[in-house]
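Structure first, commentary second.
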Amino acid sequence: MTNKLHTMLGGIALATAMAASAPAFAEVGDFGVWDKDNSGVVTMGEWDTGFDNDALFTSWDSDKDGVLSNNEYGQGLYDAYDADDSGDWNETEYNAFYDDAGDGGWLDI
C-alpha cells in the first residue's frame with residue numbers, strides 16, 4: 001500500500017478515534033495532532049493520551065520499538081478492514097471501510 005493511502009487512512013481513522021474516544025480532539029484529526037513532540041512517531045504515552053488503547057497500540061507497533069510510525073498506523077488501519085487477512089481489500093471489505101468513512105459513517109466527522 002502506498003504512503004499516500006496510509007496517510008489518508010491513518011488521518012481518517014485517527015480523526016475517528018479522537019471523535020469517538022476523546023471528544024476534546026474531535027475537531028482536529030491528523031497524525032500530527034497525536035505526535036505532540038513532532039518527532040514523526042506516536043509514542044505509547046502520546047497514544048495513551050490520545051486514545052488510551054494499549055492493546056491496539058501494541059498490535060500495530062510492528063517493529064516493537066515502542067513508537068507507532070505513520071506507516072504502522074496506516075497498515076494497522078488497513079489490516080483492521082482486511083477481514084479475511086488476504087493482504088488486499090475485496091469489494092465487501094472496501095465497502096465496509098467506505099460505509100464507515102462515508103457520509104454518516106462513524107469515520108465521518
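Because the structure is predicted, anything quoted here is derived from the model rather than measured.
- Between Y78 and W89, the ring planes are parallel. Angles under 30° get that label, and only those over 60° would be called perpendicular.
- Residues passing the side chain to side chain donor-acceptor pair (under 3.5 Å) test with S86 are D82, D84, sequence neighbours excluded.
- Under the 4.5 Å side-chain heavy-atom criterion for ILVMFWY residues, a single connected hydrophobic cluster contains both Y73 and F97.
- Remark: D37 pairs with S39 by the side chain to side chain donor-acceptor pair (under 3.5 Å) rule, at least two apart or across chains.
- Rounded to the nearest 0.5 angstrom, Y81 OH and D99 CG are separated by 9.0 Å.
- The CG atom of D79 lies 10.5 Å from the CD atom of E93; values are rounded to the nearest 0.5 Å.
- For D63, the side-chain contact (heavy atoms from CB on, under 4.5 Å) partners two or more places apart in sequence, or in a different chain, are D61, D65, E72.
- In this structure, CD on E46 lies 10.0 Å from CG on L68, to the nearest 0.5 angstrom.
- A donor-acceptor distance shorter than 3.5 angstrom exists from the side chain of D35 to the backbone of G40, with no hydrogens or angles considered.
- Note on V67 and W60: separate hydrophobic clusters, where clusters join Ile, Leu, Val, Met, Phe, Trp and Tyr whose side-chain heavy atoms are under 4.5 Å apart, directly or indirectly.
- Taking the side chain to side chain donor-acceptor pair (under 3.5 Å) definition, one finds that N95 meets it with nothing, sequence neighbours left out.
- When the side-chain contact (heavy atoms from CB on, under 4.5 Å) test is applied to Y98, the partners found at least two apart in sequence or on another chain are Y94.
- A donor-acceptor pair under 3.5 Å links the side-chain atoms of K64 to the main chain of T58, judged by distance alone.
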